[in-house]
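Quick notes on the structure that follows.
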Amino acid sequence: MPGPVQSIERAAAILRLLAQGSGRLGLSEVANSLGLARGTAHGILRTLQMVGFVEQDEATGKYQLGAALLHLGTSYLDVNELRSRAINWADALASRSGEAVRIGTHLQGKLLVVHHVFRPDDTLQTLDVGMLLPMHATAMGKVLLAYDANAAAAVPEGDLEQFSRRTIRTTKELTRALSGIREVGWAADVEETTVGEASVAAPIRGYGGLVVGAMGISGPVERVCDPHNRPRPDLVTFVRDAARAVSRDLGAPRW
Amino acid sequence: MAERYVMSIDQGTTSTRCILFDHGGRLVSVAQREHKQHFPRPGWVEHDATEIWRNLEQIAPKALAQAGADPGQVAAVGIANQRETTVLWDRHTGIPVTRAVVWQDTRTDMVVEELARRPDAYIVEELCGLHLATYFSAPTIRWLLDHTPGLRERAERGDVLFGTMESWLIWKLTGGPEGGVHITDVTNASRTLLMNINSLSWDDTLLDFFGVPRAMLPEIRPSTQTYGVATRVMPGVRIAAALGDQQAALFGQTCFAVGEAKCTYGTGSFLLLNTGHEPIRSTHGLLTTVGYQIGDEPAVYALEGSIAITGALVQWFRDGLGLIGTAPEIETVARTVDDNGGCYIVPAFSGLFAPHWRSEARGIIVGLTSYITKGHLARAVLEATGWQTREVVDAMNADSGLNLRTLNVDGGMTANNLLMQFIADVLNVPVVRPMVAETVSLGAAYAAGLAVGYWPDLEGLRRNWHRAAQWLPAMDPELRAREYDNWQRAVERTFDWIKPHDEE
Ligand SMILES: Nc1ncnc2c1ncn2[C@@H]1O[C@H](COP(=O)(O)OP(=O)(O)OP(=O)(O)O)[C@@H](O)[C@H]1O
Ligand SMILES: [Mg+2]
């Protein structure tokens, strides 16, 4: 078994320290209390600050526990913030792929559409933001199921709701599909929600690689897929690159 | 052959962005950095121009690295900038003589009031198309010259230079004290109160009126033209366009025809309408300004409805009150309630701009009862942007005799669906966002790319425009009328707050 990770132990000690007393300590106070070199303490504090567990007061430079710690249980990235942070890359993806783009997150067993960019052909289209879609029948939903253990746990055992002839039928089938998605890093839905429609999606990650949403394109099968009904590789690359760009901006490690 | 790009620099009020665009006008990479806002006294707002320059030194290489490109692959760079913000610097050292005074700063209240009392004050608007207000650069230059010992003499000798942010950055990029080019573009010059709106040159009557020495002023150039070649940060890259950020957004939205308009939602919000080759005078509180000038072609003018505080109110909700952690969270908080609960916020932080032009107004929150929660306040914050838009659209309709049929929007606040829907509701017209929300940057890139032949013509640019989202009006007309009336009564309550000489 691997031994304990020292920096995590120290980070935990710093959080304990900040949770006591006045809750506002300077760098030297933290370093002295734990017998750490200033540089070491600073590095840990900066990392904790980056993930939102610690905040630094601008005026005094003192550290305190961050708001994110209080909301550990709830979703850590506000969906409206996710949209703001992703909007540039979602636009570029729509423009490159020529298809509509959506961003989704998991909400109580469903896929919540949090952002929607129209297909760039200037035809009449309606914003889907706020719409709830099935998880197991959509590319974005499957991405979230593949990478978000809580979302996956919310799927009931047994037969799954059918939307078309191609919708995944059972949890067993779904489990197999999800491990395939984890292997390749993206998901597709070819006529699984709607006949004639296909989509491709990839995960959006935040700090530490945590998946915070999915981003994908959708359009007519004959445009999104090749003659063998497989998603076109160039479109898959566009989707994955866009999702990676958003993830990088959100502070995800490279993968 | 390696891919070629156009670079844009958007030097904004809160941050500086550097973006690379490809031939399709698609964003390839982006790097951004905020700079510090200094509020040394109530009503004062300052930036450190050297900090902004250093930010550019950091982000430009970052944007290149992100795209895996080197400066040789950049066909040209275009600059868009926060307008009116005044930088004065020493020509020999390249060091700013004071902090830059930002367009929101109201320290020149008294200067403006005194100037307005002069019998010849009427010529200002006649010559330059702008109101005499603290918003523009000339009173600020005057104030700095009056309040800094020895500065006037240095300015008269040409040892101290004036510029808005694009002038400062172009001068630095082209070598600074070693051969830096000291220029501005017509759109930025049209915001100083010093340029003649017809001749597009510095006007001696105006220079005299404000007591600004000509020796400190940059040369006025078209918005697209190769001004010079960068010797630093991106050596060898041609600097081929400069526009004020709002004019750049007009360009980025491809509003090239008379009657086309856009509204950009950032720190403040600005509605601009293309009026063609003739400067049109407003009788409803709008400004006459230059929209753009392509090379040697005649300039295109615009009518402008300027709103000082929109996104800045969200920022105040975040930083001043600490009620949210990030700007987009305002939507989450606002959605916890169904309406404003009878509460209205009029953010007259720097007085009110268009269509009121009341520099003595200050902000208020009205309709407070114990029923009001943070959610209602968040709604009132967003609604303030909607109603202020309604006021400038009404003025624009009255001035142009046309009725706006759709509103083209861009800027950071367009990510807010609740707000965009509210704007559609209160204007009773569809609101449309184009595929590139960073339209300011896109406009600067378009202008630069056009100047060097990266893009052939305006028609080609127009074809890149696509609708990314649309919000349709859905508000009950009676409710709209009642709410607008409430808003207007709230606005009246901000008037006459600062009494003459209160601040001295
Ligand atoms: N989702 C959102 N909802 C409401 N306001 C937002 C949202 N996202 C950003 N903002 C506001 O929009 C502004 C940022 O938008 P943008 O980056 O276009 O501004 P900007 O005016 O270009 O900045 P600058 O003044 O630096 O040029 C900020 O004032 C911020 O408070
Ligand atoms: Mg801006």
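In this text, all values refer to a predicted model and were calculated from it rather than measured experimentally. Atoms considered below: every heavy atom in the structure, side chains included; atoms not considered: hydrogens, waters and symmetry mates. The sequence lines fix the lettering, A, B, ..., with proteins before strands; numbering per chain opens at 1.
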On a heavy-atom basis, which atom in E329(B) and which in D78(A) lie closest, and how many Å separate them? CG-OD2, 3.6 Å

Tell me, side chain or backbone of W471(B) under 4.5 Å from chain A's heavy atoms, or both, or neither? side chain

So what's closer than 4.5 Å to chain A heavy atoms on V432(B): side chain, backbone, both or neither? neither

Could you pull out all residues at least two apart from N408(B) that satisfy side chain to side chain donor-acceptor pair (under 3.5 Å)? none

Which residue is it: N417(B), T326(B), I330(B), T332(B)? I am looking for the one with a side-chain contact (heavy atoms from CB on, under 4.5 Å) to N80(A). T332(B)

R232(A) atom CZ, neighbour heavy-atom count above 12 within 6.0 Å: yes

Tell me, side chain or backbone of T123(A) under 4.5 Å from chain B's heavy atoms, or both, or neither? backbone

Tell me, for R96(A) versus chain B, whether the close heavy atoms (under 4.5 Å) come from the side chain, the backbone, both or neither. both

Is any side-chain heavy atom of R433(B) closer than 4.5 Å to a side-chain heavy atom of I87(A)? yes

Mind checking what makes ring pair (Phe, Tyr, Trp, His ring centres under 6.0 Å) contact with F422(B), not counting sequence neighbours? W387(B)

Over all atoms of both residues, closest heavy-atom pair of A468(B) and D91(A): CB-OD1, 4.1 Å

Which atoms of H116(A) are under 4.5 Å from chain B, going by heavy atoms: the side chain, the backbone, both sets, or neither? backbone

Could you give me the CA-CA distance, side-chain angles and deciding distance for H466(B) and R119(A), then say whether side chain to side chain contact (heavy atoms under 4.5 Å, CB included) is met? CA-CA 9 Å; H466(B) 293 295; R119(A) 186 174 357 95; over 6 Å; no

R46(A) atom CZ, over 12 foreign heavy atoms within 6.0 Å: no

Which residues in residues 216-224 of chain A have a heavy atom less than 4.5 Å from any heavy atom of chain B? none

If we only count heavy atoms from C-beta on, is the Q470(B) to Q125(A) side-chain gap below 4.5 Å? no

For chain A, which residues from residues 29-39 of chain B lie under 4.5 Å away (heavy-atom distances)? S29(B), V30(B), K36(B)

First locate atom OG of S95(A), then atom CG of L27(B), and finally report the distance between them rounded to the nearest 0.5 Å. 10.0 Å

Kindly give the heavy-atom pair with the smallest separation between M435(B) and P120(A), and that separation in Å. CE-CB, 3.2 Å

Is a donor on one side and an acceptor on the other found under 3.5 Å between the side chain of R83(A) and the backbone of A415(B)? yes

For the residue pair V129(A) and Q421(B), establish whether any side-chain heavy-atom pair is separated by less than 4.5 Å. no

Taking the side chain as every heavy atom from C-beta outward, state whether E438(B) and N88(A) have any atom pair closer than 4.5 Å. yes

Okay, side chain of D122(A), backbone of R467(B): is any donor-acceptor separation there less than 3.5 Å? yes

Side chain / backbone / both / neither for N464(B) at chain A, heavy atoms under 4.5 Å: neither

Is it the case that more than 12 heavy atoms not belonging to D338(B) sit under 6.0 Å from its CG atom? no

